[in-house]
There are 2 protein chains.
Amino acid sequence: MADVAALAGVSHQTVSRVLNDRPNVRPATRERVLAAVRELDYRPNAAARMLVTRRSQTLGVISFDSTLYGPAQMLHGIEQAARGAGYFVSIASLRHQDVRSVREAVDRLRDQAVEGIAVIASQTSTVAALARHIGAVPMVTVGATAPGRLPGAGVDNNVGAEAAVRHLLDLGHATVHHVAGPGDWLEANAREQGWRTALEARSRPVPDSLAGDWSSRSGYEAGLRLRHDPSVTAIFCANDHMALGVLRALHEIGRRVPEDVSVVGFDDIPEAAFLSPPLTTVRQDFGELGRRGLGLLVHHVEVSAPGRGRTTVDHRQTAIVAPELVLRASSGRPPGR
Amino acid sequence: MADVAALAGVSHQTVSRVLNDRPNVRPATRERVLAAVRELDYRPNAAARMLVTRRSQTLGVISFDSTLYGPAQMLHGIEQAARGAGYFVSIASLRHQDVRSVREAVDRLRDQAVEGIAVIASQTSTVAALARHIGAVPMVTVGATAPGRLPGAGVDNNVGAEAAVRHLLDLGHATVHHVAGPGDWLEANAREQGWRTALEARSRPVPDSLAGDWSSRSGYEAGLRLRHDPSVTAIFCANDHMALGVLRALHEIGRRVPEDVSVVGFDDIPEAAFLSPPLTTVRQDFGELGRRGLGLLVHHVEVSAPGRGRTTVDHRQTAIVAPELVLRASSGRPPGR
DNA sequence: CTGTTAGCGCTTTCAG
DNA sequence: CTGAAAGCGCTAACAG
């Protein structure tokens, strides 16, 4: 910076003012400084600035190892929004969502002086692990909301599941079976809940749900278990990957979709429209979720930054994005109707 | 830090020594300091440390918006490896891989004082955009190698494609058609090249390849174009998503897989085994790619850090990971054999 | 409108 | 083995 000042024939300070877009610099002076900056390809030292302003301009994201489509999209949405708001983003991706890993990730991020943290993972245990840091650093969840604990942006999984189930019942199915996600995931619980609610609202029998783990394999295995139950005519899967596995299993055991069995997924991954048959599913806009969640986080950061005190968590700060049912060929009337 | 020193009854300095695991601290003293650190939940100020050591402990990753499976896995591998090596990772994800976006991303990362950059994107134009920064900051490519320009870790796409094509020829197919990736992607070029090489090595006719863009939709559209060409008995797709679309198109136009047409993909996404039929494909280990690439980057960073001079790019620093052909039900003998 | 002065919290260097 | 002094590059507060 001293070099730039010397080259432009001004002080230390004026350079700083120009670089930070402060007023009170004559246009001509500003121009001279800018020219010197370009000439020298000068880059301000982020550490020095951070030291004195006490702001890192960095937000942390906790993600996890995943073959899932959603998290990658949410991360992208978060990054876009963060850049737009003038923040860098630093990631911590977990292999396992156990309490210890989550805590280590938060510690790592805090050591790096992030000003806020967005958490994409959404197991109930993950959220619990976050508890000790609440108030120490602004945090939001993205993808699923943890009611009453942390602010965040999530899709209304309940509503999405209900729409899927109602669609199947409207087609004439007597009831709908469910391939659920892992029991400790917020999304999985909400979708199972929505499925159950929709069934009960119409006084339909509620079959046992089949347990999956989000993977195609688990959907496939759940599908095979239906081999000896000819009464099944409609299946709502908690995500598209499992639906894909179910489709495969049904094909193997000789059940046609949708003639014999209807299948509905959740997510609307880009491949859903090109499965055989194209999959009816519930679309969620992951990018939007990421952007909304980050917006909330930035708000918290900027509200709590000046005071430097402990952050007040406003539980009402939750953005719920509505999902949308996408009709395709995998759902139809039950046999004989 | 002053607080910790006071509480432990030592100087400023000794606390620093303990925190940095320097020798010459009596165990008892060390213990006292550590106790004070815990007591106060003290976290060293990253900015202050960075300012004086001139090291940010941060590496940047340039990724891009993607529904693709690979990049997410590579990013995860990179993050794991970076953490293991003691670095934070900051991301810049692009919406478009144009020259301008790439340059902005590099600038952003450099402003943040990253010590090195790993680039996941792999269009030829992306690599070209990087050129101006070569030497200014250590960089590696991950996923595809840019021969002679930057070090990096990549899969041997040529060899993988050749294996796929040879497999189909060995089954008795007269030739193999190809659904290619976008023309300006290094991976797409290498896979097309491998396909061509394998065909020519056995003096087989080389049909025009069909252009895709990695998406299922583009595979589907390419598949439909085969409607009026009954001579096609084998198709090698440059990735699994396009293969999935091709599978759907063949189903629609009444061609059975593998009885009428064999299909082979590339990547081995987790869903590949659960498509109908399960997809024969070329597996690449994306996580390993990320780890290897990051290893290279760390090496560069640590070699060039002390000297503080311009980095010498060693073009030989390239890790090639071998892909593996995974046989499943989508490939078989041609009709009539 | 511009320059001067005083730290931010740490590590490094040099004394004890 | 431990402490004291110096300074990393920047911004904030105050003078001019």
Side-chain angles (χ1 to χ4, degrees), chain A residues 1-37 39-58 86 88 110-115 302 305-308, chain B residues 1-37 39-58 86 88 110-115 302 305-308:
Chain A
M1 191 168 206
D3 298 346
V4 175
L7 183 59
V10 297
S11 80
H12 211 166
Q13 209 31 248
T14 302
V15 176
S16 170
R17 278 196 262 269
V18 170
L19 260 23
N20 293 292
D21 274 320
R22 314 300 269 229
N24 297 343
V25 177
R26 212 189 322 152
T29 313
R30 177 181 302 273
E31 229 3 282
R32 231 168 344 121
V33 171
L34 256 18
V37 165
E39 165 87 17
L40 269 42
D41 189 25
Y42 167 76
R43 287 167 197 278
N45 180 312
R49 167 178 293 172
M50 199 196 303
L51 181 59
V52 63
T53 60
R54 315 179 132 274
R55 304 213 38 187
S56 64
Q57 308 259 71
T58 301
F88 299 115
R110 289 189 61 193
D111 284 346
Q112 206 185 155
V114 297
E115 298 185 40
E302 303 195 335
R308 289 276 119 208
Chain B
M1 190 170 206
D3 299 346
V4 175
L7 183 61
V10 296
S11 79
H12 208 142
Q13 212 32 250
T14 302
V15 176
S16 170
R17 277 195 262 269
V18 170
L19 259 24
N20 293 293
D21 275 320
R22 317 298 274 228
N24 297 344
V25 178
R26 211 185 325 146
T29 312
R30 177 180 302 274
E31 229 4 281
R32 222 154 7 104
V33 171
L34 258 17
V37 165
E39 166 87 15
L40 271 40
D41 189 25
Y42 166 77
R43 289 168 197 278
N45 179 312
R49 169 178 292 172
M50 200 196 299
L51 181 59
V52 62
T53 59
R54 315 180 131 273
R55 303 214 39 187
S56 64
Q57 309 258 71
T58 302
F88 299 114
R110 290 189 60 192
D111 284 345
Q112 206 183 156
V114 299
E115 298 186 41
E302 303 194 338
R308 290 276 117 209

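Proteins come first, then strands; the chains are lettered A, B, ... in the order of their sequence lines, and each starts at number 1. The structure displayed is predicted, hence computed values, not measured ones.
Computed from coordinates, the B:Arg55 CZ to C:dT11 P distance equals 14 Å when rounded to whole Å.
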Return a single string for nucleotides 6-15 of chain D, one symbol per nucleotide in 5' to 3' order, where B is base contact, S is sugar-phosphate-only contact and - is none, cutoff 4.0 angstrom on heavy atoms.
-BBBBBBB--
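Residue pairs meeting the salt bridge (Lys or Arg N to Asp or Glu O under 4.0 Å) criterion with at least one member in residues 11-22 of chain A, sequence neighbours excluded, are A:Asp21-A:Arg30.
Contact between the side-chain N/O atoms of B:Thr29 and the OP1/OP2 oxygens of D:dT2 is found at a separation under 4.0 Å. Between A:Ser11 and C:dT4 there is no side-chain N or O to OP1 or OP2 distance below 4.0 Å.
With sequence neighbours excluded, no residue forms a side chain to side chain donor-acceptor pair (under 3.5 Å) with B:Asp3. A search for salt bridge (charged side-chain N to carboxylate O under 4.0 Å, His left out) contacts involving B:Glu39 returns nothing, not counting sequence neighbours. Shown here are the side chain to side chain donor-acceptor pair (under 3.5 Å) partners of B:Gln112, two or more places apart in sequence or in another chain: B:Ser90.
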Can you give the donor-acceptor pairs under 3.5 Å from side chains of residues 43-52 of chain B to other protein atoms, not counting sequence neighbours?
| unit_1 | atom_1 | unit_2 | atom_2 | d |
| --- | --- | --- | --- | --- |
| B:Arg43 | NH1 | A:Asp107 | OD1 | 3.4 |
| B:Arg43 | NH1 | A:Asp111 | OD1 | 3.0 |
| B:Arg43 | NH2 | A:Asp107 | OD1 | 2.9 |
| B:Asn45 | OD1 | B:Ala47 | N | 2.7 |
| B:Asn45 | OD1 | B:Ala48 | N | 2.9 |
| B:Arg49 | NH2 | B:Asn20 | OD1 | 3.4 |

